[in-house]
Amino acid sequence: MNCLICNGQEYKIVRFVYDDRYGYPGIFPLLKCENCRHVFLQGEFSSDLLRDLYSNYYPRSTFNVENYQPYREAHGFKAWLDGKKSATFRWVPRNVRVLDIGCGFGESLGYHLARGCDVYGVEADENIRRIVDKLGYKVHVGLFDPNLYPEDYFDYVTMSQVLEHVTNPVQTLQGIEKILKPGGRAILSMPNVSGWGSRIFGKYWINWHAPYHLQFFSQVSMNLAVNKTGLIIEKVSTITPSAWLNYQWIHLATYPKKCAPSIFWSLDVKKTRIQKVIIKLLNLFHLTKINHLVTRLFDALGYGDSQMYFIRKPL
Ligand SMILES: [Zn+2]
């Protein structure tokens, strides 16, 4: 087996991980390439296995189409304190052609439309069909396929917390290169395995999220992957939603037994009264804004939990 990013052949096992949210059975080794420091989950993730994983374990959506609201503009101190700029769609200007890969329920699509953009989305979760039927958005339901679009077509492509889920990230980036216009930009966000969270919380870090998160990029491995595609990294930073730290404390306080679903993340498990009180207290603590300040501090130092890559296709 060679490293997907640099073809290196020497690894060490970082840790063994399991699904500590939804209880998918199995324990998976996380390997780190000794050459490019790319961290990845070892296993054969065939499309059949991934379909089983996402359709039978990821929580079924309780989303109500009537409640659909596009994202709104957010500026100023409160948006900064919340880490709103961690969302890649917020970096897309008005009046451009944009593709959002992994667009969820299309909240970003409504945001871009209101700003005069020509908007496309890709989403693997079938639940988006209900929004598409109602609002007529241009969404491909399934996996990203660059052949669905003309070459040199988009001004912007965004992926918010998506690249870590894919089995072949270099291929995904090559697809993005193909459909971007010369001078066009890709904006990607993903968990930061080199941040403070993975170091402090160890096995309890919320972003291991096995076996859904398959790739954890180091800056070296991301540079190598992007270089293989002819794209250029313009800027790297960490910008993290402050809510993640609230989830992290709750995850820590309600951590499940090995391979059992979490009472916090899984919709199927009933909480005890004590667990409900703990979650309530941690949500109250979040109102003190201490989580926000800690998150902003680590982002300022470049050790935040979510890293952002600003990428450009050369002219
Ligand atoms: Zn490598």
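Since we're looking at a predicted model, the values are computed, not measured. In each ligand, atom 1 is the first atom listed, and ligand 1 is the first ligand listed.
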**Q** Among Leu163, Ile206, Thr240, Asn207, which residue satisfies the side chain to side chain contact (heavy atoms under 4.5 Å, CB included) criterion with Pro191?
**A** Asn207

**Q** I would like to know whether Phe144 and Thr172 meet side chain to side chain contact (heavy atoms under 4.5 Å, CB included); could you show each step before the answer?
**A** CA-CA 8 Å; Phe144 168 55; Thr172 303; 4.1 Å; yes

**Q** Measure from the ring center of Phe40 to the ring center of Tyr11 and say whether it is less than 6.0 Å.
**A** yes

**Q** Relative to the ring of Trp208, is the ring of Trp205 parallel (under 30°), tilted (30 to 60°) or perpendicular (over 60°)?
**A** perpendicular

**Q** Hey, which protein N/O/S atoms does the Zn ion (ligand 1) have under 2.8 Å?
**A** Cys3 SG, Cys6 SG, Cys33 SG, Cys36 SG

**Q** Hey, what's the ring geometry for Phe28 with Tyr24, parallel, tilted or perpendicular (30° and 60° as the breaks)?
**A** parallel

**Q** Are Tyr204 and His251 an aromatic pair, judged by ring center distance below 6.0 Å?
**A** no

